[in-house]
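One structure below.
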Amino acid sequence: MGGHVSEKAASFVQESSEWVRKPRGIDANLKNYGKVYKTFKWKNAEKEFDWHKTKKVNVVHEMIDRHANSARKDKTALHYWDPAPSAGNPRGREEKYTFLDLKDQSSRFGNVLKKFGVKKGDRVAVFLPRTPELYISILGINRLGASPVPLVEAFMEEALFDRLSNSEASAVVTAPALLSRIPFKKLPSLKHLFLAGEKDAAGFECPGGVDAHDYFEEVQSASPSLAPVWLSLDDGLVIHYTSGSTGRSKGVLHRQYAMVGHYQTAKWALDLGDDDVYWCTADPGWVTGTSYGIYGPWTLGISSLVLGGRFSAELWYRAIEKYKVSMWYSAPTAFRLLMSQGKELAKKFNLKSLRHICSVGEPLNPEALRWVRDLTGIAPHETWWMTETGMQIVCNYRSLDFKIGSTGKSFPGTVASIIDDKGREVPPNTLGNLAVKTGWPSMMTEIWGNKEKYDEYFRIKGWYLSGDTAYKDKDGFIWFAGRADDVIKTAGERVGPFEVESALVQHPAVAEAGVIGKPDAVRGQIIKAYISLRQGHSASETLKKEIADFVKRTMAGHAAPREIEFCERVPKTRSGKIMRRVLRAWDQGLPVGDTSTMEE
Ligand code: WTA
């Protein structure tokens with residue numbers, strides 16, 4: 001491990017032996033973790049799926065059609081609410097879709113895609129705000145056996161180009177307001193656009209070779225019946241682009257069999273049951289928003305809430321009250337943002353419907369955990385996992401006592417452990433690499449078009465290396481320590497420093513840029529850039545703002561540095577690698593350590 005690991009770890013390790021105790025006999029789906037962990041086999045979970053008998057595989061059958069053909073058909077699968085007024089919806093949007101409605105809608109959109117030549121194995125990007133159309137599109141794409149590539153609405157041209165060109169998406173479902181960001185001319189594979197959103201008054205010109213279709217008109221005139229295209233368990237399910245510490249974003253491909261993992265974790269870690277109203281606050285542009293905003297809950301036949309628009313503490317509380325949300329899956333930054341608005345606001349709402357809360361994406365600090373517990377009576381339960389793991393791996397469980405600050409224990413059927421760089425498991429309370437024994441159902445099957453990158457994760461035989469550092473205590477609880485590499489987690493979103501640096505150096509004033517994650521009380525980390533200027537440009541607050549705006553305009557708002565510091569030179573090794581370790585030391589006012597490899 002690199003020299004900075006322990007230094008970083010020290011700031012994250014939160015020694016605590018304060019327990020959250022559970023009442024005996026609590027009515028959870030997973031009642032006896034210890035016993036189940038010893039006996040559970042994934043084969044047991046396979047029996048829950050129709051394909052186990054029919055051999056016909058398609059996740060849309062398992063999450064939509066089989067419920068639509070059962071007593072659940074009129075059950076609400078999707079509650080949608082976006083109270084913000086817009087030109088076409090002056091009172092906002094509030095809609096309900098049953099499983100039968102989703103079968104109908106996703107079949108229609110599947111037929112539309114089929115009509116325009118989309119077929120099994122194709123990649124179709126979905127670049128939409130959180131609207132019902134976003135969810136229906138993903139279902140329609142999966143129904144046809146194609147792979148959805150969900151992209152968050154925040155992405156700008158550069159970020160879109162990377163992802164659309166790498167995936168060679170043949171179609172994009174988007175909204176007129178987002179269209180100008182798509183660099184059609186540089187995307188020869190892109191043939192079709194489906195526009196699902198309010199029409200832009202300005203209209204748009206579609207360049208030659210790309211056909212634009214009105215999503216709503218097409219869907220309305222399409223047939224509402226389309227049997228799923230039957231697949232094998234190894235065929236594609238979804239591709240998520242995510243960031244590493246080097247290079248551009250990479251496409252993580254999951255296979256259909258991942259549904260087994262989504263289903264079982266949604267049942268045992270999220271503890272979802274038929275009567276729940278479940279709210280996963282993540283956008284499907286991030287893996288949490290598909291694994292646990294789509295695949296997990298709907299294979300279980302659960303009612304889900306989707307809230308459109310931006311974060312607002314008041315709106316979030318209102319949503320819990322209005323929909324009587326019983327299970328809530330969110331992130332530490334969100335809890336801290338709510339906390340920063342104070343308890344007075346929260347107390348205006350009735351939050352008594354909540355019975356279970358889980359957290360993901362970054363470490364949940366004890367203070368935020370206690371705050372949520374004081375407010376709702378429920379301690380948020382940690383779930384640790386990654387885009388690459390596809391499903392939750394290390395969790396705290398509703399029926400199991402846990403220690404505040406710890407990430408929990410391996411999900412039944414998985415083995416997460418702490419290993420050294422040679423692959424040896426280390427003794428308790430020793431910091432090491434957090435790794436997972438290969439072979440769980442939703443382990444990624446490919447980094448799209450990059451075998452070398454894929455193999456890097458598995459360089460120690462039999463293990464998947466997460467890139468996180470952690471330790472296990474004597475009671476078997478895993479404690480997250482930090483990243484072993486330079487990947488940044490800001491407000492729970494994963495950002496690669498290289499991508500931000502590449503965007504920064506395109507600004508005419510920037511000579512060199514080095515980017516790090518700086519610890520932040522609310523967002524976990526914020527993006528900080530060290531920048532050296534080209535001759536003829538001088539440092540100023542205005543220039544800082546202009547540079548940050550430039551990244552917002554070209555990449556995405558969440559990738560823009562919140563803090564910029566100008567420096568004479570960005571420290572690099574003689575071979576030209578940016579020494580982010582030195583930048584972190586500068587930022588914290590600490591000694592920079594060994595600089596023998598630094599260029600003169
Ligand atoms: C971090 C999100 C601490 C971790 C599902 C991991 C966490 C990265 C936790 C993956 C947690 C996720 N406690 N850290 N409970 N959950 N992380 O791919 O560093 O966006 O490697 O997947 O988030 O981020 P990703």
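Counting starts at 1 for both ligands and their atoms, following the listed order. The structure presented is a predicted model; accordingly, all values stated were derived computationally and were not measured. Numbers here are sequence positions counted from 1.
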Parallel, tilted or perpendicular: ring planes of Tyr464 versus Trp440, cut at 30 and 60 degrees:
perpendicular
Kindly write out the residues that satisfy ring pair (Phe, Tyr, Trp, His ring centres under 6.0 Å) with His240, not counting sequence neighbours, or none if the list is empty.
none
Of all residues at least two apart in sequence or in a different chain, which pass the ring pair (Phe, Tyr, Trp, His ring centres under 6.0 Å) check with Tyr530?
Trp586
Between Phe40 and Trp42, how do the two ring planes meet: parallel, tilted or perpendicular, split at 30° and 60°?
perpendicular
Distance to the ring centre below 6.0 angstrom and angle to the axis at most 45 degrees; does that hold for Lys409 and Phe477?
yes
Suppose we screen for salt bridge (charged side-chain N to carboxylate O under 4.0 Å, His left out). Which residues come up paired with Glu133, at least two apart in sequence or across chains?
Arg93
Pairs of nitrogen or oxygen atoms, one from ligand 1 and one from the protein, closer than 3.5 Å: please tabulate them with distances.
| residue | atom | partner | partner atom | Å |
| --- | --- | --- | --- | --- |
| ligand 1 | 13 (N) | Glu362 | O | 3.4 |
| ligand 1 | 15 (N) | Glu382 | OE1 | 2.7 |
| ligand 1 | 15 (N) | Thr383 | O | 2.8 |
| ligand 1 | 16 (N) | Gly361 | N | 3.1 |
| ligand 1 | 17 (N) | Gly361 | O | 3.3 |
| ligand 1 | 18 (O) | Thr387 | N | 2.9 |
| ligand 1 | 18 (O) | Thr387 | OG1 | 2.5 |
| ligand 1 | 18 (O) | Arg494 | NH1 | 2.5 |
| ligand 1 | 19 (O) | Asp468 | OD1 | 3.0 |
| ligand 1 | 19 (O) | Asp468 | OD2 | 3.1 |
| ligand 1 | 20 (O) | Lys489 | NZ | 3.2 |
| ligand 1 | 21 (O) | Asp468 | OD1 | 3.0 |
| ligand 1 | 21 (O) | Asp468 | OD2 | 3.0 |
| ligand 1 | 21 (O) | Arg483 | NH1 | 3.1 |
| ligand 1 | 22 (O) | Thr387 | N | 3.4 |
| ligand 1 | 23 (O) | Gly361 | O | 3.3 |
| ligand 1 | 23 (O) | Lys489 | NZ | 2.9 |
| ligand 1 | 24 (O) | Lys489 | NZ | 2.8 |

